[in-house]
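Contents: one structure, followed by commentary.
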Protein chains: 2
Amino acid sequence: MSSNSIRARVRQELTSEIKAVARRQLATEGANLSLRAVARELGMVSSAVYRYFPSRDDLLTALIIDCYNEMGEAGETAAAVTGTALERWLAFGHAIRDWALAHQAEYALIYGSPVPGYRAPRDTVEPAARTTVVLARFLADGYTSGELRVTYADDAAPPPELETELVQALPVIAPDIPIPLLLRGLTAWIQLYGVITFELFGRFNNFIESSRREFFDHQMRVMAREIGL
Amino acid sequence: MSSNSIRARVRQELTSEIKAVARRQLATEGANLSLRAVARELGMVSSAVYRYFPSRDDLLTALIIDCYNEMGEAGETAAAVTGTALERWLAFGHAIRDWALAHQAEYALIYGSPVPGYRAPRDTVEPAARTTVVLARFLADGYTSGELRVTYADDAAPPPELETELVQALPVIAPDIPIPLLLRGLTAWIQLYGVITFELFGRFNNFIESSRREFFDHQMRVMAREIGL
DNA sequence: ACGAAACGAGAGCAGTGCTCTTGACTCGAT
DNA sequence: ATCGAGTCAAGAGCACTGCTCTCGTTTCGT
């Protein structure tokens with residue numbers, strides 16, 4: 001059978017070996033990592049790498065997909081922990097942040113500036129949505145189970161254009177939650193990644209240095225109250 | 001006098017011309033713009049550009065400083081508008097967003113992923129702080145004038161390590177405001193740039209498309225209430 | 001008017017992504 | 001066991017990059 005042939009196995013191993021080396025290079029070179037340097041480190045010639053990834057962008061795509069999946073899995077397992085909704089929310093947030101801190105270059109690759117000239121293929125959108133799906137499910141479950149207790153009494157009503165667009169997107173995001181809760185969830189979503197991005201991209205330098213984890217935790221608790229925890 | 005010599009004037013003009021071309025290239029090539037391409041577009045040879053910028057990184061630094069100053073100026077003039085504190089807050093936020101939308105590559109350069117291998121020199125920190133200074137002054141003025149009415153009754157107390165670090169940083173950021181207000185201001189600060197970053201980096205694609213301005217406005221109003229407007 | 005400094009142009013070096021060709025290897029089917 | 005097809009690593013080569021150095025020329029301050 002072809003899938004177990006020597007060639008297929010070697011190909012599989014070499015493919016992940018290339019990705020591993022490329023991810024190590026990502027830390028120092030960022031998105032413009034050198035395919036030739038990867039090949040050099042693996043003791044092969046650059047043209048050989050093209051047997052495994054038809055272009056540098058395809059290698060980047062493979063890395064991006066892997067990173068999205070890793071972060072998504074980290075978020076999923078954290079959110080699946082047993083405990084109160086608040087505990088699960090905090091576990092989720094810290095899981096995302098921990099992964100980002102441990103893989104700064106990878107986080108920059110998937111959540112930082114878009115790589116110029118790179119067009120993300122369709123294969124990336126599903127892995128990219130994993131963490132967002134966790135969050136949406138968290139909101140939906142919390143709402144139907146009653147764990148999220150929010151009163152939207154003094155919420156500013158969204159302008160009609162925004163509301164219709166949100167209603168339109170609701171079925172594919174988080175069905176059966178009210179628009180005000182979705183808006184608050186979006187605030188929390190943006191805040192979560194906003195804090196991480198600011199932290200990793202140096203916005204807290206010479207300002208918040210030793211208590212960044214505490215700051216993140218505080219912001220996540222503020223957002224927890226925002227979504228009704 | 002040397003500052004009025006032909007050479008000095010030509011040098012001044014060519015310097016800004018190089019920066020202008022480089023910024024145009026920024027849109028298509030991002031942070032890895034080509035010094036040679038810039039030179040080519042200006043009809044000179046690549047080595048000539050090195051008379052004006054000793055390295056590509058120095059050219060990037062010049063662009064970064066210019067961008068910080070432009071955005072800072074946009075924020076300053078917007079915040080100086082006459083009106084209620086809420087109006088000034090909204091004007092500030094939209095000014096930042098408008099500048100970012102009009103200069104997407106430039107925004108990515110200063111607020112996106114750190115350029116690998118690039119170390120920002122000291123000259124950049126003051127321009128970088130301009131928008132933040134506007135915001136800090138806004139908080140301080142609003143607090144002393146009583147325009148910001150916040151009750152911190154059910155605010156979660158920050159952990160002591162975070163509080164001491166914030167107290168330590170308070171004098172250089174926004175003197176004479178209480179820590180709870182500073183924390184809420186940080187939330188608003190992060191949210192402002194978080195929404196813009198998500199919008200520009202494609203996080204809203206296939207989700208919020210035509211009502212992005214309304215969404216941003218809504219988030220800014222949520223944050224306005226957060227800081228007591 | 002003269003020496004110094006600044007300047008543009010060109011050649012050159014090492015590196016890059018990518019293509020094409022060449023020869024060796026492995027595979028599945030006969 | 002053999003043989004054609006597909007796969008592989010290697011190398012040469014193209015156009016590009018940042019950067020350095022040298023070489024005449026121009027401009028400056030004195």
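In the text below, chain A, chain B and the rest are named by the order of the sequence lines, each starting its count at 1.
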- If you pin B/Arg51 and B/Asn32 to their nearest nucleotides in DNA chain D, which one's is more 5'? B/Asn32
- Note on the structure: Between OH of A/Tyr50 and P of C/dT21 the distance, given in whole Å, is 17 Å
- Can you tell which of A/Leu14, A/Leu35, A/Val21 makes a side chain to side chain contact (heavy atoms under 4.5 Å, CB included) with A/Val49? A/Leu35
- Just how far, in rounded Å, is C1' of D/dC28 from CZ of B/Arg9? 15 Å
- Classify the ring geometry between A/Trp99 and A/His103 as parallel (under 30°), tilted (30 to 60°) or perpendicular (over 60°). parallel
- Just how far, in rounded Å, is P of C/dT26 from CG of A/Leu14? 15 Å
- Side-chain donor or acceptor of A/Ser47 under 3.5 Å from a matching atom on the base of D/dA9? no
- How many Å lie between CZ on B/Arg40 and P on C/dG10, as a whole number? 14 Å
- Item | Atom pair distance, as rounded to whole Å: CD1 in A/Ile18 and P in D/dC8 | 11 Å
- Note on the structure: As a check of understanding: the bend across the helix from C/dA1-D/dT30 to C/dT30-D/dA1, end axes from five pairs, rounded to 10 degrees, works out to 20°
- Within the structure shown, what part of the strands sits under 4.0 Å from B/Leu33 by heavy-atom distance: base, sugar-phosphate, or nothing? sugar-phosphate
- Item | Name of the residue among B/Asp58, B/Ile18, B/Leu33 meeting side chain to side chain contact (heavy atoms under 4.5 Å, CB included) with B/Leu63 | B/Leu33
- Query: Taking B/Arg130 as the fixed residue, which of B/Glu76, B/Glu73, B/Glu70 is the one that meets the side chain to side chain donor-acceptor pair (under 3.5 Å) rule?
  - Reply: B/Glu76
- Query: Under 4.0 Å between a side-chain N/O of B/Ser34 and OP1 or OP2 of D/dG18, yes or no?
  - Reply: yes
- Hey, is B/Arg221 close enough to B/Asp217 for a salt bridge, meaning N to O under 4.0 Å? yes
- Message: Test side chain to side chain contact (heavy atoms under 4.5 Å, CB included) on B/Arg56 and B/Asn32; report intermediate values, then the result.
- Response: CA-CA 9 Å; B/Arg56 210 192 63 117; B/Asn32 38 13; 4.1 Å; yes
- Assess the pair B/Tyr193 and B/Tyr111: is the distance between their ring centroids shorter than 6.0 Å? yes
- Answer with base, sugar-phosphate or nothing: what part of the nucleic acid does A/Leu59 contact at a heavy-atom distance below 4.0 Å? nothing
- At under 4.0 Å between heavy atoms, what does A/Ser46 touch on the DNA or RNA strands: base, sugar-phosphate, or nothing? base
- CZ of A/Arg56 versus C1' of C/dC18: gap in Å, rounded? 12 Å
- Query: Mapping B/Ile6 and B/Arg36 onto DNA chain D by nearest heavy atom, which one lands closer to the 5' end?
  - Reply: B/Arg36
- Task: Measure the distance from CZ on A/Phe53 to P on D/dT7 and round it to the nearest whole Å.
- Result: 17 Å
- Of all the choices, C/dC18, D/dC19, D/dT17, which nucleotide is nearest to the side chain of A/Ser55 once you look at every atom? C/dC18
- Task: By nearest nucleotide on DNA chain C, pick out whichever of B/Arg7 and B/Met44 is the more 5' one.
- Result: B/Arg7
- Message: Does C/dA6 have OP1 or OP2 under 4.0 Å away from a side-chain N or O of B/Tyr52?
- Response: no
- Using atom CG of B/Leu60 as one end and atom C1' of D/dC19 as the other, report the distance to the nearest whole Å. 15 Å
- Only residue of A/Leu192, A/Val134, A/Leu135 satisfying side chain to side chain contact (heavy atoms under 4.5 Å, CB included) with A/Ile96 is A/Leu192
